[in-house]
Number of protein chains: 2
Amino acid sequence: MNHLLKDHIETISPLSDEEFAYILSHFVFKKIKKHAFLVQEGDPVKYEYFVLKGCLKAYVADNATGKEFIFQFAAEDWWITDREAFFKRSTATVNIDCLEDCEVLALTLENREKLGVEMWKYEHFLSVKAYWGYISLQKRLQMMIMGSAKDRYENFIAQYPNLFNRIPKSFIASYLGVSRETLSRLYKS
Amino acid sequence: MNHLLKDHIETISPLSDEEFAYILSHFVFKKIKKHAFLVQEGDPVKYEYFVLKGCLKAYVADNATGKEFIFQFAAEDWWITDREAFFKRSTATVNIDCLEDCEVLALTLENREKLGVEMWKYEHFLSVKAYWGYISLQKRLQMMIMGSAKDRYENFIAQYPNLFNRIPKSFIASYLGVSRETLSRLYKS
DNA sequence: ATCCTGATGTGACATTTGTCACAAAATCAA
DNA sequence: TTGATTTTGTGACAAATGTCACATCAGGAT
């Protein structure tokens, strides 16, 4: 059995084919077109998404200034949702939309919890995944605070070399917390 | 039974007194004096710490510029460690030291995992705690990137009103990613 | 009390980055 | 192809924040 999600879970919890098939049966497969929204501010957030194909961005809009801050990209092998709204069953404060045509696997909170209760392995997977996520977010925070615009840019290139040529520069600038113009000037020098 | 740690765990997983006593037996109580290090760069990180009393700071030192960035404070009811080194059994890249005389409960990774395996409740607690932590870190990141120095300062005051008069301003400046002087000028206006 | 150290406030100036305006280039749809 | 739209580059200037230097102030140790 060969599946992106299986490989992903097995980086933490090895699974038999039966176990994985059972897990997979709790997900819903979805195709979404470029520019379509997976999550929109104000709506309830029913799902957490695992990306099989394509690329998405998650951002918050500042109504006062009209600007947006992209806090996450998600390409193949990544999870994405409005975590807070999903987990607390509240409504979205973020927007998530597709930068390309996408294929995702969607999991409801009910099924997520069901899997956690039924399989210790899955709860463990969730626990470790969240812990790792925390660690990498902490590193990003550190980079954002300590690093200059140039440091951040170089760090991004090193970490996601493929994304740089896949995503419009203005989005990358937003992700890095610099203006589009500053980013443009950075990769001249 | 009344205990800071019990109350803390019960925000996620309710426990009988026996269950809590069993959990508690895996922790080691420690007292540490002001200015002493709980974790020092280069050393192995044996424990994760739950703070019963006192206040600590965790920071990374930039050897090039000689500056340090404080990425976390921890007072009563908070967890602190070098998460990456603790979890991967590698050596610390961060320093953690006491801003006041402290009392903490220390948990080894072995005992943490043992509790998770033996009690689904505890694994669930870890999972949810990490997820919440991720969410709040994401909010901090957003504030750091989108907000001006003043926004960040006001946000800090609103979130941790008690810490502001408990911690030297230079440390708070470091946590907020601004210079000591800029912070000083902020709370004039 | 008095010294000493660390914490804080403040002015002058440098630096980084943002903002605005517009041109050039690339992409997409008909 | 061709026109329209989006993306990217660049100059001039403004704004925010950092840096350095030094003055004050507060608290702890003797």
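Chain naming here is simple, since letters A, B, ... match the order of the sequence lines and numbering starts at 1 in each.
Within the 4.0 Å cut-off from OP1 or OP2 of dG9(C), at least one side-chain nitrogen or oxygen of Tyr187(B) is found. Dashed line: the shortest gap from a side-chain N or O of Ser179(A) to OP1 or OP2 of dG18(C) is under 4.0 Å.
Spacing between atom CG of Leu183(A) and atom C1' of dG18(C) amounts to 13 Å, rounded to whole angstrom units. Put simply, CD1 on Ile172(B) is 12 Å from P on dA7(C), counting in whole angstrom units. The interatomic distance linking Arg185(A) (CZ) with dT16(C) (C1') rounds to 12 Å, in whole Å. Across the protein-nucleic acid pair, Arg166(A) atom CZ and dT27(C) atom C1' stand 18 Å apart, rounded to whole Å. Counting to the nearest Å, the P atom of dC28(C) and the NZ atom of Lys33(A) are 15 Å from each other. Here the P atom of nucleotide dT16(C) and the CE atom of Met146(A) are 17 Å apart, to the nearest Å. For Glu181(B) and dA14(C), the CD to P distance is 16 Å, given to the nearest whole Å. Spacing between atom CG of Leu176(A) and atom C1' of dG18(C) amounts to 15 Å, rounded to whole angstrom units.
Here the OG atom belonging to Ser148(A) is positioned 8.5 Å from the CE atom belonging to Met143(A), to the nearest 0.5 angstrom. To the nearest 0.5 Å, atoms CZ (Phe73(B)) and SG (Cys55(B)) are separated by 7.0 Å.
Seen from the ring of Tyr49(A), Lys30(A) does not count as a face-on cation partner, given the 6.0 Å and 45° thresholds. Geometrically, Arg112(A) does not engage Phe87(A) in a cation-pi contact defined by less than 6.0 Å to the ring centre and at most 45° from the axis. Figure legend: cation-pi geometry between Lys139(A) and Tyr134(A) absent, as NZ or CZ is not positioned both under 6.0 Å from the six-membered ring centre and within 45° of its axis.
Checked options Phe125(B), Trp78(B), Phe20(B); the residue passing with His8(B) is Phe125(B) (criterion: ring-ring contact (aromatic ring centres under 6.0 Å, His included)).
Among the protein residues, Ser184(B) comes within range of the nucleic acid bases, having at least one heavy atom under 4.0 Å from a base atom. No engagement by Lys150(B) is indicated, since no non-hydrogen atom pair under 4.0 Å with the nucleic acid exists.
Leu176(A) and Met146(B) fall into different hydrophobic clusters, defined by Ile, Leu, Val, Met, Phe, Trp and Tyr side-chain heavy atoms under 4.5 Å apart, directly or through other members.
For DNA chain D, the contact window with chain B, defined by any atom under 4.0 Å from a protein heavy atom, covers dT17(D) to dA21(D) in 5' to 3' order.
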